[in-house]
Amino acid sequence: MDRYLVFGHPVRHSKSPFIHTLFARQTQQELEYGLAEPAIDEFAHALQVFFAQGGKGCNVTVPFKEQAFTLVDRLSPRAKRAGAVNTIKLTDDGVLLGDNTDGAGLVADLKSHGVTLADSRILLLGAGGAARGALAPLLAELPSELVIANRTHTKAQQLAAEFHDLGPVTAQAYEQLAGPFDLVINSTSASLQGELPPLASALIHTDIAIYDMMYGASDTAFISWAKQHGARQTMDGLGMLVEQAAEAFTVWRGIRPGTKQVLRELKRNLGVI
């Protein structure tokens, strides 16, 4: 039976085995999917051993995405742009192909919620790996402007300059942000600590769409804050998790699984519904 894993540290909390088991059942694919939590300095060896022992593909999560980028034989265009790899496939000719499905998963989830990206003004909070993975797919949807804001302004400026060839992307300091924005995406990990990005509440209005890449059994700190200030449409990253997994499954198996039922099952598993 074909074997797949998710590598991370920590990774025991991962819902990837749950999601991919449902995808396999739905598409009648014979595979098994497990967890791997190598020590930080042992990822390269663990990856090599997994594929040497017959592994067919894997997902890669924090903190190994940038390292995976350097360990594969070939990169997809979106992985090159992201500077990180979250999906690896062993091809039929023995090549390790690195891909990045995070941005595609984000865009797919936004569209599933009816969010219009074309001609919209988007504010992206954060300039780390999650933001980097999202930029090219977001710009491919032809927004009127995409603004990056980050606590360290120079990082936002560097990121905007790097992606400027793909569309109208700029960097602005938090204190200089001027609305209105149609969509705000929080790619920072602040919600994991129950903290908030330093965003002025005046930027929140009733018609804005708010997206937090983090998720939990209840609203994240950012979503709760946005609701308190009048945002009517708020979304967490659970749908993105499922959509990026569906993209990875398609890379591996050549068949696209449906995501709606799997997302419902995942929410039930987490106690969200």
Side-chain angles (χ1 to χ4, degrees), residues 2-14 16-17 20 33-106 124 126-140 148 150 152 154-166 169 187-189 192 213 237 240-241 244-245 247-253:
D2 290 346
R3 291 176 54 236
Y4 296 85
L5 286 177
V6 55
F7 285 93
H9 192 101
V11 80
R12 278 162 286 183
H13 66 285
S14 174
S16 291
H20 284 286
Y33 190 107
L35 302 169
E37 191 175 284
I40 302 298
D41 59 351
E42 292 178 1
F43 170 62
H45 177 68
L47 189 71
Q48 181 184 30
V49 169
F50 170 65
F51 283 109
Q53 293 178 347
K56 294 293 186 181
C58 65
N59 289 126
V60 183
T61 189
V62 177
F64 300 129
K65 291 183 183 182
E66 286 77 17
Q67 194 176 345
F69 182 86
T70 69
L71 295 172
V72 295
D73 303 314
R74 197 165 74 224
L75 293 163
S76 71
R78 57 190 178 184
K80 282 182 184 176
R81 268 292 183 179
V85 161
N86 81 330
T87 300
I88 301 176
K89 174 185 179 178
L90 180 65
T91 67
D92 292 340
D93 53 356
V95 169
L96 287 186
L97 173 65
D99 202 351
N100 190 305
T101 66
D102 286 332
L106 169 65
L124 179 62
R132 177 180 287 276
L135 273 168
L138 285 172
L139 289 168
I148 305 170
N150 189 60
T152 306
T154 53
K155 280 193 71 177
Q157 290 176 311
Q158 290 165 2
L159 200 56
E162 187 177 334
F163 283 82
H164 196 262
D165 62 309
L166 297 185
V169 55
S187 77
T188 76
S189 59
L192 293 177
M213 288 190 187
M240 175 180 172
L241 176 69
Q244 67 81 22
E247 188 78 9
F249 192 93
T250 307
V251 170
W252 293 329
R253 310 298 295 186

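Going from atom OG1 of T61 over to atom CG of N86 covers 8.0 Å, rounded to the nearest 0.5 Å. For the atom pair NZ of K56 and OG1 of T91, the computed distance is 10.0 Å after rounding to the nearest 0.5 Å. In this structure, CD on Q53 lies 10.5 Å from CD on Q48, to the nearest 0.5 angstrom. Annotation: the span from R132 atom CZ to L124 atom CG amounts to 12.0 Å, rounded to 0.5 Å. Rounding to the nearest 0.5 angstrom, the gap separating the CG atom in L75 from the CD1 atom in I88 is 9.5 Å.
At a threshold of 4.5 Å between non-hydrogen side-chain atoms, the residues V6 and H20 do not count as touching. In this structure the side chain of Q67 never reaches within 4.5 angstrom of the side chain of L47, judged on heavy atoms. Side-chain contact between C58 and F51 is present, with at least one heavy-atom pair separated by less than 4.5 Å. Taking 4.5 Å as the limit, every side-chain heavy atom of L166 sits out of range of all side-chain heavy atoms of L135. Here the side chains of K155 and L159 are not in contact, with every heavy-atom distance at 4.5 Å or above. Taking 4.5 Å as the limit, some side-chain heavy atom of L138 sits within range of a side-chain heavy atom of L106.
The heavy-atom pair separating L90 from G55 by the smallest distance is CD2-O, 3.6 Å. In this structure, F69 and K80 approach most closely via the heavy-atom pair CE1-CA, 4.0 Å. When every heavy atom of Y33 is checked against every heavy atom of L5, the shortest pair comes out as OH-O, 3.7 Å. Shortest non-hydrogen contact noted between A127 and N150 is N-OD1, 3.2 Å. Nearest heavy-atom pair across L35 and S14 is CD2-CB, 3.9 Å. The minimum heavy-atom distance between A79 and G98, with the atom names listed, is CB-O, 3.6 Å.
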Please assess F249 against T101 for the test side-chain contact (heavy atoms from CB on, under 4.5 Å), listing each intermediate value before the final yes or no. CA-CA 10 Å; F249 192 93; T101 66; over 6 Å; no
List the steps, then state whether side-chain hydrogen bond (donor to acceptor under 3.5 Å, both in side chains) holds for S76 with N100. CA-CA 8 Å; S76 71; N100 190 305; over 6 Å; no
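Sorted by first and then second residue, the pairs that involve residues 92-105 and meet salt bridge (Lys or Arg N to Asp or Glu O under 4.0 Å), not counting sequence neighbours, are K65-D102, R78-D99.
Under the 30°/60° scheme for interplanar angles, the aromatic rings of F64 and F43 are found to lie parallel.
For A46, the side-chain contact (heavy atoms from CB on, under 4.5 Å) criterion is met by F7, P38, not counting sequence neighbours. Residues satisfying the salt bridge (charged side-chain N to carboxylate O under 4.0 Å, His left out) criterion with E42, sequence neighbours excluded, are absent altogether.
Within the 3.5 Å criterion, the main-chain N or O of V11 finds a donor-acceptor partner in the side chain of E37.
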